[in-house]
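Below: the structure, in structure tokens.
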Amino acid sequence: MHHYNPNFMDLFTKKVKRIFIPALFIAFACFSANAQSVGVEKNTTTGKQIQLVKRIKITGTITESTTGKALSGINITIPGYAAALTDDKGVFSINAPGTSSVLIVSGPGYQEKQVPLKGRTNIAVSLYEDAFNSVYDQALLPYGNTSKNQIPWAVSSFSTTDSWARSTETPDTYLQGRVAGVNVIRRSGTPSIGADLYLRGFNSLYGTNKPLYVVDGIIYDVNSYGSSLITGHATNPLADIDINDIDNITVIKDGASIYGTRGANGVILITTGRAKDVATKIDFATYGGFNMMPKQLPVMQASDYRTYLSDMLKTANLTDDQIQALPFMNDNKSNPDYFRYHNQTNWQDQVLTNSFNQNYQLKITGGDNIATYALSLGYTSNKGVTKNTDLTRYFTRFNANLNLSKKLTATANLSFTTSEQNLKDQGINLKTNPMYLGLIKSPFLPVNVLGNDGAISPNLADADIFGISNPTAAIQKIQDLNKNYRFSGSVGLNYDIAKYFKISTLLGITFDKVRENIFVPNNGIVHDTLSLAIATNRSGSNVQRLYSLYNDTRISYNQSFNNIHVVSVNLGARYNMSSSSADYGLGYNSATDNFVSVGNGVNLLRKVGGQEGDWNWLNMYLNTDYKLLNRYFLSFNLAIDGSSRFGTQVSEAMTVTNDNYRYAFLPSVAAGWLVSSEKFMADVKFIDMLKLRASFGLVGNDDIGNFNQDQYYVSQNLLGIEGLVRGNIANPGLKWETVRKWNFGIDVAILNERLNVSLDLFNNKTDGMLVYEPTISASGFPYAITNNGGMKTSGIDLSINGRLINKAVKWDLGLNLSTAKNEITQLPNNRLITTFGDASFLTEVGKAANLFYGFKTNGIYTSDAEAATAGLLSKDANGNLTPFKGGDVRFIDVNHDKVIDEKDMQVIGNPNPKFTGAISNVISYKRWSFDALITFSKGNDIYNYTRRALESMSGWENQTLAVINRWRANGQVTNTPRAVYGDPNGNSRFSDRWIEDGSYIRLRTLSITYDLPLKEGVIVKYAKIYATGNNIVTFTKYLGFDPEFSATSSIFSQGVDTGLEPQFRTVQLGVRIGF
Amino acid sequence: MKKKISKLLIGALTVIICLSILSCSKMFDIKPKSAVVAEQMYRNVYDADAAVIGVYGKFMGLAKQYVVLNEAQGDLTDITVNSDQYLKQLSTHTVTTDNPYADPRPFYSAIINCNDVLKNFNIMLAQHKMSVDQYNQRYSDVGAMRSWLYLQVGIYFGTVPYVTDPIESINDLQNDAKFPKIGFDQLLDNLIQFTESLPYKNPYPSGTTLLNTYDTYYTEKMFINKNILLGELYLWKGNWTKSATAYRAAVDYALIQFSVNPGQDWYEYYRIGYTSNNGGNWINIFNQPFGERYSNTEIMWNLPFDKNFSPKNPFIDLFTPYGAYLLKPSDLAINNWNSQIRTELDNGALRLVTPTDVRGLNQSYKMVFTTGGLLPMVNKYNPNYSPTTPFETSGKWILYRAANLWLHFAEVANRDGRDKLALAFINNGVNYAFDPTPGVAGRDVTNIQVSTNPTTGLPDSPPYNFDARNGEIPRYRSDWYREIGIRSRMGDSQVVIDSTRSFNMAGNVFPRVKTNDANLRNDVEDIIIAEGGLETAFEGNRWSDLLRIALRRKATDPNYLSRMIGAKFDAAHSADAAAVKARLADPANWYLPFKWK
């Protein structure tokens, strides 16, 4: 089980001294500090305590909030002290140690509620139903469950009660609109492709900005290792978690340094379902749905296209005779090519389609007093809206709890998911992306080979005279298959050593494998040119593997001192060993298109490659929570992290030093004050809960590459002889990125929780941000990887939840809103220009990261004379200057040198939204319930790469209807430039012409549930019918398919619409039955 | 039972916790699998070989930049309509630091790699991981490569940082002492001092692991020739005799290569013999496969571009209209060939008959018909390339060949007072030049056909002692009897100086009395440089040759470079001519700006 070197024991004593002892010292220092404060409290309150022991009798009534009816059998407790039940009039009586105690009220089918006495001896409490989103709900945190009103950190937690109705979602997309501060950007419409998720914006340029996912206590690796052979695709590991297996999702948003150098981007804790009681329960659900083809983009029909084409040909140095001789310009029906060039094909119809999705889920829970289990099985199939694509996935999960002895309990979690997905290239792949081809393909060309008489052959037409592939061939003949499985298994043991001490360990392993096979045929697709040959057909295969071992072991101490002081301490370590590999092979020119595997390609042309990565991470942690009088909360976390990725010469104050290694030292502290529990709040009756929070902490990002701290050598060939050359300039001081996070929050619940508001202000500052720092040329290397960058992000998270109607009809309305304003604070040379998809981005100190950087325009020159008067010159790639003419775009000459070149580039947009959020509605009436989720994003700019391709008017590609309005004659006033072959004056260059407002508001989900009335005693306990609609309607000014997309998770690709499969509308009907 | 389990469990947990917290160094010491970390490198002689191979592999990546810098700045190539602004900058000597061709970084990338190898070879020697012989050979090879690279960098940029440290970690980047900035002259001193100190100056001896045939290419001539390097360094420094000594050692390589049975190869190896590569066969040097026999007698240092391996042959794109066609032969270069006169048999007698030079059209350059019209194309790099077989891109990068050496040897000899010998190398060889009655048969040649000292008139001493005797009674077939000079090999007429500038030509006074030695040196040198333009055009020597002469004559003829480069613009009737001439009149503009970051 352990992958340690056998001779490690020699090192044991020495190392323990160096690390363990300081850690222990820190631990006990904190401990004794707490102990001291406990002592002080005792002394000052001794007098009171003697009085309190006399017991005060508390009485009260419990009612149901909607109906006002008295509730019997409700449990009232003062933990560790007393308990009582309500009688059938809803009345209870209980002895309390004092009037500052807190009653815990709970009952089956109802919310759990905390009621601080605040000096009262008689109280009235009304309860909401179980599903009510209450401030007293439990958040499932790493060191145990805590009710939300007692947490000093910025934490959001919710139970996934509606996941059954959202069967097409993955955990990441499911989070969209759920939690203020979590900006979920769906990658595309491809089934299960998931979303890029930014928790409070960005913290890093080159490191990951993904939050850490922890599933049932095990870190869930969501990174991809190796890139996909399928353009625009990325395997989504989170899709391997069935959302129906999830019970609770808790999001830690601030600097609680629980996970040390893995927690810089926040933590998302996912807890999967376990048996709640021993009775056997069976849930079964099935859904079927219909996926609707997205609305097509308005491209030209054959007649407009032909006119456009002849204009274009005239500018391509062809004479009228030459143009007339082209087969497609000859309208004589006796022309043998006539039928081949006189069709009306809607190519978008050829690639997009309506389709179906379906889903089956089965869940069985039960057990006995020794062991309980939860077993779930799932199957999902979704065909998507691109023809010939589909996804099939099988889920299995087995969770068990074992009571091995009175003191020893164990848990087991096993899950295995396997999927198979047929895909197509998406995004920037001009030869094989069928969606793109469907837009640019000439509409007068046929799908199939045509005879001279127009007879249709069953064979698909080859790539055309314009050098454009046949979209139908891309759909039917290109193979893009992705197969994936993931196994995650863990075993946990908990042992009560002594009354207040517990020891626990959790050991988990993960195996993940992604296998891809692609094949691009000879026929119908434009060929690639290799260095040695023309690639007729091409094949590829790819295997990516991840193996990871994880252990989390801790000693916990928990003690309550007379309900006045509650102390909990956790001291432990997490260890994560990961190993990844990626291997690919590319083959070319197999004998025929029927031989689709790499091995069939020509030997000489075959290419293989791959990468491997191994890394270890050790996180030693101390957590101390202190609670005074149930209203003052203090929490302290300390992480001391070591990693194989860190350098040996880290110079940083916040480190702990060992012989050769430096450890990140990341403390964090939070304080909370439950103001509403104070006596002086007793008269402010409309406030149920008012909590003030503040936290500060250091968290780290260890995504700095596996080997950059070492000097290494890489292969350098001389002919076929392998030599070695220097690969880098080592950075032995390389370290994690440190993010300092401040958070101030207020949580309020008023009017018996009818209105809950939570507001957080945050400020994250990244120091030691990883950058590729340019080095002096005499070093021979272009850059060194250093920690010399910095950025900060600040913003507001606001969430408001209200029960607007609390009668027979219940209406819960929620709004959450978040902003995250980013600013670069430190960068070598102060600025950085990056490119993605022909777009340039500026990242500069004092500005937000990754701003669109291009040319500003001011309309079109209406005439040659006007252009001549302006006197501007366009500079081409060779540095040649050409004057602008009528019909060219008026670019703004920023530096007034009369030359439009890179010096005239300026910031033309910001892909980051001003704010994002969601509005949720849950309305229930009798057996009906109605759920609507609206998501929105405001102020983000999009670079419409696809529209640029469709309006650049530089070649033979079909264009949108906008180009009909192109400039054609002097004096014409229009907003579309002239059509010139090759676009010599760069009218289509990256400019604000292609930047659009990406704001949108979308009715994301609408679902209606009906709970069938069933007779008592029937074997079926419940049956519910669902109707769900996804992506119902979107309001946006954006001209592309869809304003929501994410080409890659890199910060440097944000806002670039590369032409991914758009999200589409889905309607689903389903039934769920419980036995 | 339960107690036992509990105890076991506690024990296990304690161990796990301790193990986790114990930071045994192995836990964080992970080596990459797809790269080699420093400790795994340099363990034995095979690792040392891999390091040497790496140096040369890296060096091949410089081919395009090397040729562009040495040609686009010179007078023999010109930009085309396809050339970008950066090539134009090179051509007009208005380079800005953002010019990618003028980026010193690729050269330093190779240099840093050499530094790393040298440092580690020393460690290996100290730790007995290589034998002394293995060390000497490899250390000297890599050391010589570094000197060569620095010489190039110095030629381009003048004042440069002379980095001899491997710059292993970013801490080294902060240390200015590791980047001492020195002028070209001091750089030459350093390079000479370092190169002279190298323990082994011969080629790798046979049996060395590095000498082998890989992928059909024998590695021998891929490695730098240290004698040539020394010759060059001394040439730039102006230390004539040392330079000549080094060149002489290089051309005497046949003595090592063919120790027995002197035959044609022996007599013609590096010696501009009359059989190999003469006349129309001159193109063999360029179009024959790597290592082919005749071309092998000429080529001293070359590296092959093979279509199956990276890097891809950059010269197809650079020079052919089937590629990017970024540089073309200048009008001046073409005029130069066209104004030569060949000596041919005319009615049984050798006469000056044909205007042109065989090395011009269809050898050094070609006219090719494309959609853009009839275009001149540099032919030396890609004589076998055809657009009909676009993937047959194999070729070779000739860094140094015998003609380069003889031109430079002539330059040195002339400056060392041996103008006659220098002209012999250029025109028709020692045998002819040191024969008072050349071409007469049946003589006793015992006392002629040997290079003589200009002062004493006696056979010259090393390195200028060339015995070219070729007689029957008594029979002589001396080492240099086949040497026929660069022009004679091509059938070109002899070039002569204007004696009136250097000698008193009045009356019948013999020998003529020298009146102006400086004129004599310069005039002979001009002939050598002009010949270089005909013989080694486009091969990546031109700018350095012109710059060297310009530096040498800076005091007496400051406009040399302006005049020579300006001639290209005049010949092309370029509007830039005046501006370029003005710019090059100022020595401050002779070097490229060094981009520091």
Side-chain angles (χ1 to χ4, degrees), chain A residues 2 4-5 8 11-12 15-16 19-20 405 408 493 495 503 505 531-533 551 553 573 575 611-612 614-616 618 620 642-644 658 660-661 706-707 710-714 716-721 723-727 729-732 774-780 782 784 786 878-879, chain B residues 2 6 9-10 13 16-30 32-38 41 50-51 53-54 56-58 60 83-85 88 103-105 108-109 111-113 116 161 163 167-170 173 179 214-215 217 304 306-307 309-310 312 391 595-597:
Chain A
H2 299 291
Y4 298 105
N5 191 300
F8 75 91
L11 305 161
F12 183 83
K15 305 286 175 175
V16 163
I19 277 304
F20 191 50
S405 78
L408 179 64
L493 292 168
Y495 185 76
I503 184 164
T505 186
S531 61
L532 290 180
N551 177 259
T553 300
Y575 171 65
Q611 59 190 61
E612 296 192 72
D614 293 324
W615 67 104
N616 289 339
L618 175 68
M620 293 169 279
S643 168
S644 61
N658 183 22
N660 291 318
Y661 293 95
N706 286 333
F707 306 113
D710 286 330
Q711 183 205 318
Y712 57 80
Y713 294 82
V714 293
Q716 165 69 59
N717 73 298
L718 176 67
L719 301 165
I721 325 164
L724 287 165
V725 292
R726 282 276 297 280
I729 295 183
N731 183 352
T775 50
I776 56 171
S777 49
S779 72
T786 69
N878 285 350
Chain B
K2 266 184 185 171
S6 311
L9 189 72
I10 291 170
L13 285 180
I16 289 171
I17 278 207
C18 294
L19 281 181
S20 308
I21 289 169
L22 162 79
S23 113
C24 82
S25 54
K26 289 277 176 275
M27 180 187 288
F28 298 139
D29 195 9
I30 297 182
K33 290 174 187 160
S34 48
V36 173
V37 293
M41 180 76 184
I53 291 299
Y56 282 92
K58 196 113 197 163
M60 281 192 77
S83 304
D84 62 17
Q85 53 183 322
K88 284 175 201 162
D103 184 0
R105 199 181 303 265
Y108 276 91
S109 176
I111 286 167
I112 296 298
N113 217 48
D116 195 80
V163 190
I167 313 299
E168 286 161 329
S169 95
I170 62 162
L173 294 173
F179 300 92
Y214 293 102
D215 310 301
Y217 301 96
D306 187 287
K307 61 174 182 166
F309 300 103
S310 66
K312 203 181 161 199
F391 301 107
K595 185 184 179 188
W596 283 92
K597 196 140 190 174

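This is a predicted model, so every value here is computed, not measured. Chain letters run A, B, ... following the sequence lines, proteins first and then strands; every chain starts at 1.
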**Q.** Backbone N/O of Gly720(A) and side chain of Asp215(B): donor-acceptor pair under 3.5 Å
**A.** yes

Q. Any donor-acceptor pair under 3.5 Å linking the side chain of Ser777(A) with the backbone of Lys595(B)?
A. yes

Is it the backbone or the side chain of [X] that comes under 4.5 Å from a heavy atom of chain A, or both, or neither?
X         : answer
Ser310(B) : both
Phe179(B) : side chain
Ile111(B) : neither

Q) Taking every heavy-atom pair that is under 4.5 Å apart, which of Leu719(A), Thr775(A), Asp710(A), Leu718(A) has the most such pairs with chain B? A) Leu719(A)

Q: Between chain B and each of Leu532(A), Ile721(A), Thr786(A), count heavy-atom pairs under 4.5 Å; write down the option with the most.
A: Leu532(A)

Q | Heavy-atom side-chain contact between Tyr713(A) and Asp116(B) under 4.5 Å | A | yes

What pair of heavy atoms forms the shortest contact from [X] to [Y], and how long is it?
X         : Y         : answer
Trp615(A) : Ile30(B)  : CA-CD1, 3.6 Å
Val725(A) : Lys58(B)  : CG1-CD, 4.1 Å
Ser531(A) : Lys312(B) : CB-CD, 4.4 Å
Ile729(A) : Leu173(B) : CD1-CD2, 4.0 Å
Ile112(B) : Ala778(A) : CD1-O, 3.6 Å

**Q.** Pairing residues for Asp614(A) by the salt bridge (charged side-chain N to carboxylate O under 4.0 Å, His left out) criterion, not counting sequence neighbours
**A.** Lys33(B)

Q: Quick one: list whatever passes side-chain contact (heavy atoms from CB on, under 4.5 Å) with Pro782(A), sequence neighbours left out.
A: Arg105(B)

Q) Can a donor-acceptor pair be found between the side chains of Ser169(B) and Asn731(A) at a distance below 3.5 Å? A) no

Q. Where do Val37(B) and Phe707(A) land on the side-chain contact (heavy atoms from CB on, under 4.5 Å) test, with the steps shown first?
A. CA-CA 9 Å; Val37(B) 293; Phe707(A) 306 113; 5.9 Å; no

